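See below for the structure under consideration.
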Amino acid sequence: MENYKKTKIVEKPCPLPFTDLPADIIEMKVKDGSKIRNLMGYAMGKMEQDSVRQILFTGSGKAVSKTITCVEIMKRRLKELHQITKVLFRQIEEIWEPIVPEAGLDALTVKRNIPAICVLLSKDALDPQEPGYQAPGS
């Protein structure tokens, strides 16, 4: 790989593992470089409104642990939140180009599956039979 350089990363869209979510649900897409302070400031402001009943946190790769941290902070500050957690994999494609094009090397496409997490927090009761469900205070 010393003869190649990474030129592009393409993330394949991943369908949300939750069905029947409201169209106006707040989705917090946690990235590796996101600041927890900024994420939590926005999310807490929205969840303290009576009109907002659910919030969805998503993160993949290195952002999985930051996503879990945000969810745990939210649950500690706002009691009585129901939670459903789904773990899945996202596919990304890395495009590698040869450093010296005249060397006769072809471009490479590397497909990788990276872990991802989706956590639904709700003020209203959720289905306790759903895999990944956590009751408030558990």
Side-chain angles (χ1 to χ4, degrees):
M1 296 303 287
E2 62 272 358
N3 295 323
Y4 288 90
K5 65 176 182 262
K6 193 185 311 184
T7 57
K8 190 162 80 168
I9 297 176
V10 179
E11 289 189 25
K12 298 291 182 180
C14 184
L16 290 176
F18 298 103
T19 56
D20 67 342
L21 287 177
D24 61 343
I25 191 165
I26 296 165
E27 183 179 356
M28 300 296 296
K29 295 180 181 178
V30 181
K31 303 285 185 195
D32 186 32
S34 300
K35 299 273 188 248
I36 292 177
R37 179 180 341 118
N38 297 341
L39 292 167
M40 294 312 300
Y42 181 80
M44 291 298 295
K46 290 294 187 180
M47 280 301 276
E48 287 170 349
Q49 298 173 4
D50 286 336
S51 62
V52 176
R53 306 301 298 167
Q54 295 179 333
I55 191 166
L56 180 66
F57 281 89
T58 60
S60 60
K62 295 178 182 177
V64 168
S65 61
K66 194 173 283 195
T67 305
I68 294 169
T69 300
C70 290
V71 168
E72 293 301 322
I73 291 171
M74 176 82 67
K75 286 172 30 183
R76 186 166 295 140
R77 290 186 185 168
L78 295 176
K79 307 292 186 205
E80 304 302 317
L81 286 179
H82 298 263
Q83 172 183 343
I84 295 180
T85 304
K86 301 283 184 183
V87 178
L88 53 134
F89 286 96
R90 286 185 83 154
Q91 189 177 71
I92 63 168
E93 286 185 359
E94 296 175 343
I95 312 296
W96 292 77
E97 299 285 339
I99 294 173
V100 182
E102 298 83 31
L105 298 173
D106 294 330
L108 299 176
T109 301
V110 178
K111 294 181 181 181
R112 295 190 312 148
N113 290 322
I114 58 172
I117 191 167
C118 295
V119 181
L120 177 65
L121 294 175
S122 177
K123 295 177 184 175
D124 304 320
L126 297 171
D127 181 12
Q129 302 304 315
E130 182 80 25
Y133 174 77
Q134 282 185 324
S138 63

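Everything quoted here is computed from the prediction, not taken from an experiment.
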Checking the side chain of Tyr4 only, and the main-chain atoms of Asp106 only, is there a donor and an acceptor separated by less than 3.5 Å? yes
Of all heavy-atom pairs between Pro128 and Tyr133, which one has the smallest distance, and what is that distance? CA-CD2, 3.6 Å
Less than 4.5 Å apart, side chain to side chain, heavy atoms only: is that true for Lys86 and Glu130? yes
Measuring from atom CD of Glu11 to atom CD of Glu94, what distance do you get when rounded to the nearest 0.5 angstrom? 10.5 Å
Measure across Pro115 and Val64 and return the closest heavy-atom pair with its distance rounded to 0.1 Å. O-CG2, 3.8 Å
With the side chain counted from C-beta on, respond yes when Pro22 and Gln54 share a heavy-atom pair under 4.5 Å apart, and no when they do not. yes
Output for pair (Ile26 CD1, Lys46 NZ), nearest 0.5 Å, gives 5.5 Å
Are Ile114 and Phe57 grouped together when hydrophobic residues (ILVMFWY) are joined by side-chain heavy atoms under 4.5 angstrom apart? no
Looking only at heavy atoms, which two atoms of Asp50 and Arg53 are closest? And how far apart? O-CD, 3.6 Å
Drop me the distance from Lys12's NZ to Asn113's CG, to the nearest 0.5 angstrom. 12.0 Å
Test side chain to side chain contact (heavy atoms under 4.5 Å, CB included), reference Leu56, set Val119, Leu16, Leu121, output is Leu16
Go through the structure and list residues passing side-chain contact (heavy atoms from CB on, under 4.5 Å) with Ile73, not counting sequence neighbours. Ile36, Met40, Thr69, Arg77
Does the side chain of Ile99 reach to within under 4.5 Å of the side chain of Asn3, using non-hydrogen atoms? no
Within one Ile-Leu-Val-Met-Phe-Trp-Tyr cluster: Ile9 and Trp96, side-chain cutoff 4.5 Å: no
Indicate if Leu81 and Val52 have the same hydrophobic cluster label, given that clusters are the connected sets of ILVMFWY residues with side-chain heavy-atom separations under 4.5 angstrom. yes
Group every Ile, Leu, Val, Met, Phe, Trp and Tyr by side-chain heavy-atom contacts under 4.5 Å, then state whether Ile95 and Val110 land in the same group. no
If you count every heavy atom of other residues, nucleotides or ligands that lies below 6.0 Å from Arg112 atom CZ, does the total exceed 12? no
I'd like to know if Met74 and Met28 are part of one continuous hydrophobic network [Ile/Leu/Val/Met/Phe/Trp/Tyr, side-chain heavy atoms within less than 4.5 Å]. yes
State which residues pass side-chain contact (heavy atoms from CB on, under 4.5 Å) with Asp32; sequence neighbours excluded, sorted by chain then number. Lys62
Quick check: does any side chain N or O of Ser122 sit under 3.5 Å from a backbone N or O of His82, one acting as donor and the other as acceptor? no
Is it the case that the side chain of Lys66 and the backbone of Val30 share a donor-acceptor pair, with hydrogens and angles ignored and the cut-off at 3.5 Å? no
Less than 4.5 Å apart, any side-chain heavy atom of Leu21 and any of Leu120? yes
Closest contact, heavy atoms only, Cys70 versus Leu39: SG-CD1, 3.8 Å
Please check: side-chain N/O of Lys123 versus main-chain N/O of Met47, any donor-acceptor pairing under 3.5 Å? yes
Of all the heavy-atom pairs spanning Gly45 and Gln49, show the shortest one and how long it is. O-CG, 3.6 Å
